[in-house]
6 protein chains.
Amino acid sequence: MTDPQARISSARKPFHRLLLTGAAGNLGVQLRGALGAWADVVRVSDIAPLSAAASADLADRAAVDALLEGVDAIVHLGGISIDAPFDDLLEANIRGVYNLYAAAVKHGVKRVVYASSNHVVGFHPVTSVVDVDAPLRPDSLYGVTKCFGEALSRYYFDRFGIETVCLRIGSSFDAPKNRRMMVTFLSFRDFIELVRCSLFTNRVGHAIVYGVSDNPTKWVDNTKASFLGFRPQDSSEQFAHLFEAVAPNADFDDIAQRFQGGPFAAAAPLERDAS
Amino acid sequence: MTDPQARISSARKPFHRLLLTGAAGNLGVQLRGALGAWADVVRVSDIAPLSAAASADLADRAAVDALLEGVDAIVHLGGISIDAPFDDLLEANIRGVYNLYAAAVKHGVKRVVYASSNHVVGFHPVTSVVDVDAPLRPDSLYGVTKCFGEALSRYYFDRFGIETVCLRIGSSFDAPKNRRMMVTFLSFRDFIELVRCSLFTNRVGHAIVYGVSDNPTKWVDNTKASFLGFRPQDSSEQFAHLFEAVAPNADFDDIAQRFQGGPFAAAAPLERDAS
Amino acid sequence: MTDPQARISSARKPFHRLLLTGAAGNLGVQLRGALGAWADVVRVSDIAPLSAAASADLADRAAVDALLEGVDAIVHLGGISIDAPFDDLLEANIRGVYNLYAAAVKHGVKRVVYASSNHVVGFHPVTSVVDVDAPLRPDSLYGVTKCFGEALSRYYFDRFGIETVCLRIGSSFDAPKNRRMMVTFLSFRDFIELVRCSLFTNRVGHAIVYGVSDNPTKWVDNTKASFLGFRPQDSSEQFAHLFEAVAPNADFDDIAQRFQGGPFAAAAPLERDAS
Amino acid sequence: MTDPQARISSARKPFHRLLLTGAAGNLGVQLRGALGAWADVVRVSDIAPLSAAASADLADRAAVDALLEGVDAIVHLGGISIDAPFDDLLEANIRGVYNLYAAAVKHGVKRVVYASSNHVVGFHPVTSVVDVDAPLRPDSLYGVTKCFGEALSRYYFDRFGIETVCLRIGSSFDAPKNRRMMVTFLSFRDFIELVRCSLFTNRVGHAIVYGVSDNPTKWVDNTKASFLGFRPQDSSEQFAHLFEAVAPNADFDDIAQRFQGGPFAAAAPLERDAS
Amino acid sequence: MTDPQARISSARKPFHRLLLTGAAGNLGVQLRGALGAWADVVRVSDIAPLSAAASADLADRAAVDALLEGVDAIVHLGGISIDAPFDDLLEANIRGVYNLYAAAVKHGVKRVVYASSNHVVGFHPVTSVVDVDAPLRPDSLYGVTKCFGEALSRYYFDRFGIETVCLRIGSSFDAPKNRRMMVTFLSFRDFIELVRCSLFTNRVGHAIVYGVSDNPTKWVDNTKASFLGFRPQDSSEQFAHLFEAVAPNADFDDIAQRFQGGPFAAAAPLERDAS
Amino acid sequence: MTDPQARISSARKPFHRLLLTGAAGNLGVQLRGALGAWADVVRVSDIAPLSAAASADLADRAAVDALLEGVDAIVHLGGISIDAPFDDLLEANIRGVYNLYAAAVKHGVKRVVYASSNHVVGFHPVTSVVDVDAPLRPDSLYGVTKCFGEALSRYYFDRFGIETVCLRIGSSFDAPKNRRMMVTFLSFRDFIELVRCSLFTNRVGHAIVYGVSDNPTKWVDNTKASFLGFRPQDSSEQFAHLFEAVAPNADFDDIAQRFQGGPFAAAAPLERDAS
């Protein structure tokens, strides 16, 4: 494949100002370099302190409003990306994403790349393959809040024309950490390519796409999203040696083994500490 | 049709204690009599003051917890049933419904009849017919919060086995108030029958059903929900004389005319008064 | 059912000027009275001489152009409604319908009720049920020209916003003439009601609907067109006594018995007389 | 509805010789009168002794061969219609139905009405609605043998052109015996009408249809089989008073309550007595 | 891949006489060499003068009749392949294709490869992926005439058994000329392979297949046509460098950007010059 | 691809005892080496005498019972894998597979890899592509018995939790023997990999998958089975040179050419010799 980066003119970058939320996170760190090649200015934000970046709480509406000033498009990785007590999720993933879209209307932002999650369909069994129209089956309160984000972004598209690509991201790390991630693995390189497709495809409407590499075992089918042009280059196959082949040891009462969401499906909703 | 009420033994009512939230609302008032025939005790609740009833704010977790003590099943009409500022919806329709399900787990409540809304699919065009598997297309923040409720209840079913029937209620009044309601009309009698089916069907899993009478024009198709046994007895046809026949005057830029959600689809999100 | 006609104000009719093509035909004659109740002026046209009506050849572009002057909506029954030599079909059903839509754009006509035919799907077997999305399977050159009309009207809707309801009319006579028509029968009363729904539904987009009464045996399924509000009142069941019950005598090589199109499917394309 | 029987000429009956297997059974007894009106000769057979009838074991190939001599069409109710030890089912429902079709080829019989069962889909949950294309989910060895019969008859249609209507019969008794049968009830009158449609429809190919009356609660959808012209006249609603309304008491571990097959789904395969 | 050409015996070519219409066009020129390897005689035709070829007007029935004498199979590229005034399209793409099939019946030709176009589905949005069963959405009068050709060929298959492969050809040039063609690009090599598969697959029935190379972005899905064995070898990816990456600049009112048909969808129907 | 075998620890093999039935057959011979790498003990069985192996008749319940003692998982290739007289199929493919599953329940075996066949869908036309949910269309009594095995295994999964992967094996030989096998070819290497995926995937539920290599022409679509991780490495393309390219010579009355099952679809059911 020719390197898509080579098509970026260094003299005149395609975007003027991109906003990256969640910039201090695992994936945010990966993306910062790539975004720098695509935009004159990359405004980065995180609730955690970040050198040379805005520290912003997405649940703070005024702060979000300020963040979006002059922005062309947003890559929204911010919020909580693991299960958490509902009250925390409520602030970060519900109120926060609402604040983001409300501000996007105000500032005329037309494109959002939204980090959704495969946990919106995590209660589909591991013995099925879901396409992008499959019914929602969230596996956790976290997943439920991502359903909320997908529904909210659908509404802002239907009502205001703000285009969103919902990335149902699998497991994006250096390498799969367990057997389940052999299926859900998304290499950093493929993740960056997926964001590139989501930002540069001229028209996306309200799109949903699974963020997985070309792994041997698949629980998802992106055929209906192929208008985005995403073709993964990596596969978890290179990591197969990490996991010794074992006979099936399926415990039929263990929902972590039965559903695509894995441990998310098995966990109980978290509670805040009473202290 | 034989009167289903006749099958209730007056000596031993089927339910011991039913909780009705939103009891002071338009539909709550209709339902109180019927529930009285089905349960020894009908605990009613509303945020508005209500004679002989608990006044409870569903966003208050402790209050919700107290409400559910000893309850067999819940008819949850509470919350905000029109569009409203997001912060209000957040408390009533998101935090409130979360509190309800969290308490349902704690108190072992196994069945909820949840007043969802046709506004979860209100951005489907009026020139289409949606079945219960149609993709969500909320037409308002209100509709988005009902999507949240449907997703949350799905999770509580998958994770905890709490069964919910999501009633995507249309327009339930004495009579249709406008031409759109000729399509979305749900008579009070049919509404009560729909709640009866939802409470008494022995097993419902996580079900979705449209709440409309047998109106001549249909935007929805309940075939896949026919395991609930709901057969409407009324039709908006009796009100056709209220609306003089007119030639089509479709304004193609008027989204209130283009989408099933009508004025909800056209309205802007509401904001709280600044005062 | 209350009489839909009763909703028409005699003082101010809903339409000003309706055009009825094919007014001298079997169905055109049935419709003229009904249209008179709905419009101040009913302009009637036929290629055959017609008292008090324009005699117009739809293949004559200038004549069609004149016909559409000042028209609100069109019920297009004109053209050839049986199989015929290709050159005749070409003029009447291809050039004619093109002329009609080209003139509709020019004159700003926004709604057409187009007499398509069940012969666009006549090569589906009699052992299947087709819905409005079923693939086209024309059973004759006549059926092929109706496919053309459906495709052309789709284009004029997508491109110019002219709404069309394509009526896939079955067999509309006083009574079924043979056993096949027990399935495809459309009573005149139901035909008129179907046209009424097609004209008065405020928004129809580009719709397809089968024109059949509520006959016991069904080869078609109108569920996805129920937004038109068409509910047939008649059934061919009242004519069942005309056809003595016989044992199946299916000749597996007789395509008139195998396919929904009946004799159309079996006939050879017609040729013009050489004379 | 006009009585379909009235269309039978007494002078010349439509069929010459019909074979009814299982004639001594619950449904066979119901059907004998009706068949007499449709055929000059009704040959009846059962493994049980039957006055004025052949006592034949369907597992006996020569006996089956003799039974089919000169037959126009077969209504095959024979075999075991409850769960049974596999070896018994094997003889009656597998070898027996094979013998029947093998003999049908030999004797040129062109139409079979085959008593299949809703137990071929009995492991679909009671919270779903299955149409005639739903995947097979047999709930018992009995149901598995009915799957075999459906597959075998499909093969004999594709290969030899023998048409079969597979009746997935629910619960056909005088009245529903329990709550489940309120859903699966098929009145004797509707059963006879279903057999009539299956015998008299001129062409049926290889058809599948659910045999249920128009009961309020439905687990099945016959839309795709409406080419058979079956419209039930009865409903279990008249028996609703037999079952006092009770609150849901779903035991989530009780598979008899979870699946459409009811006790069949819960039972263990039967074994023959060792004695 | 082994070269499919190598499987052609030079001594005895598989076809005796192939007819290529439209032989002087862009694609016709590409195909002539390949056809020469597959048939003893390649009869070429075009309305434009062509050295060593018949100049024939397809709207001239006698001329078409003469063309088909002794022909085994036809690759029909003739007709107008861009939008044009309706009267011109009528002669070339409607009357012409009718003449071709009428003559094919007469001369016993059993296989046609028909150059349809992706413009039969050009009004599907660029944010969707259409498979070969997607509803027709022509984007131009040209597209409408290709719908006619697909319906006509379907009829000639159902009625006369003439097999046709409808190639919904994208943009077949040396290289993509604009960004849209990066999606619709079909290399000459892949085009020739597609014609080869369409001619040599032993049985094709009436097939539809999209003619696109293996481009990164896809609007179409050929899974259901994979019985043809077409596997593209090229991709537009090699031309990506021609188009500098730019930020989305979707103009929501520009239908050339919104629909797969691009400029076809945006253009007005053409009129013949009045002169 | 890294060699999956490399992930097997030689010190501690994943399975303790695997049972291979049909071990003396064409595919059984191929598989014995591979199984030896995966299990400490491979118990092999065949009805034919086999050196160092149990000779067992699967229709003998006691023998089957003994075979399964201490077994972890079964690869069931046993039974008759070509068409045969029904009585033979009954013993080997119906009683035999029943005995196998009945014994599996008794011995707690949790996984079966079942050699089904593409002949369960062999009456689908060669001009269609079937996915794993396509309706069953057996092409022979042999195919019917494989339908039985699929249905039986579905029941044992739903009722007892025994997981089965049904391999709808195509044509697995050294090389395709005729043109049809160019489509249905499954290389031995791909067959072994398919068995590996079926044994080692931790959870498979009741799965169906087509056993074909990555051949150019495809009649089947495994997308919905991609959770098994099967990716064929071979293609019949390497054998294309064996079959000279010929013009289509479809004989429309030859069902061996019309249906995917080929000669199976055309053959008559076999009878046992009378001798």
Side-chain angles (χ1 to χ4, degrees), chain C residues 118 121 124-134 170 176 178-185 210 212-226 234-262 265-266, chain D residues 1-18 34-35 37-40 71-73 109-113 131-133 157 160-165 193 196-209 221-233:
Chain C
N118 58 4
V121 291
H124 283 273
V126 297
T127 50
S128 68
V129 175
V130 292
D131 76 4
V132 304
D133 287 340
N178 53 45
R179 290 171 197 277
R180 178 178 166 274
M181 290 190 191
M182 286 295 293
V183 185
T184 58
F185 178 66
Y210 292 99
V212 286
S213 288
D214 183 25
N215 307 325
T217 297
K218 295 185 199 312
W219 291 336
V220 297
D221 172 15
N222 268 334
T223 303
K224 291 177 184 167
S226 48
D234 293 312
S235 166
S236 64
E237 201 162 337
Q238 57 178 310
F239 302 106
H241 64 278
L242 299 179
F243 304 97
E244 190 174 291
V246 294
N249 56 353
D251 174 353
F252 278 74
D253 295 327
D254 178 2
I255 64 179
Q257 286 188 46
R258 285 171 55 197
F259 296 103
Q260 297 188 2
Chain D
M1 193 177 73
T2 61
D3 179 2
Q5 302 290 22
R7 293 169 51 207
I8 307 291
S9 156
S10 58
R12 211 188 45 193
K13 293 182 178 173
F15 290 90
H16 178 54
R17 186 177 287 114
L18 288 177
L35 293 184
W38 302 336
D40 299 324
V71 159
D72 298 353
V109 180
K110 299 310 276 179
R111 174 77 54 93
V112 180
V113 181
D131 75 5
V132 304
D133 287 341
F157 172 66
F160 297 103
I162 299 177
E163 294 187 298
T164 294
V165 182
E193 170 65 4
R196 192 189 66 80
C197 292
S198 302
L199 280 174
F200 282 89
T201 296
N202 193 45
R203 194 175 272 267
V204 297
H206 183 265
I208 292 171
V209 62
D221 172 17
N222 268 333
T223 302
K224 291 177 182 166
S226 49
F227 62 84
L228 291 172
F230 171 58
R231 299 216 277 200
Q233 301 298 314

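Proteins come first, then strands; the chains are lettered A, B, ... in the order of their sequence lines, and each starts at number 1.
Contact of C:N249 with chain D is made through backbone and side chain together, with heavy-atom distances under 4.5 Å. The contact between C:V246 and chain D is made entirely by backbone atoms, counting heavy-atom distances below 4.5 Å. Only the side chain of D:R111 comes within less than 4.5 Å of a heavy atom in chain C; its backbone stays farther off.
Ranked by non-hydrogen atom pairs under 4.5 Å with chain D, the options C:T127, C:V129, C:T217 are led by C:T127. The candidate with the highest count of non-hydrogen atom pairs below 4.5 Å against chain D, out of C:V183, C:N215, C:T223, is C:N215.
C:A245 approaches D:P14 most closely through the heavy-atom pair O-CG, 3.6 Å.
Contact of the D:N202 side chain with the C:R179 side chain is not registered, since no non-hydrogen atoms from C-beta on lie closer than 4.5 Å.
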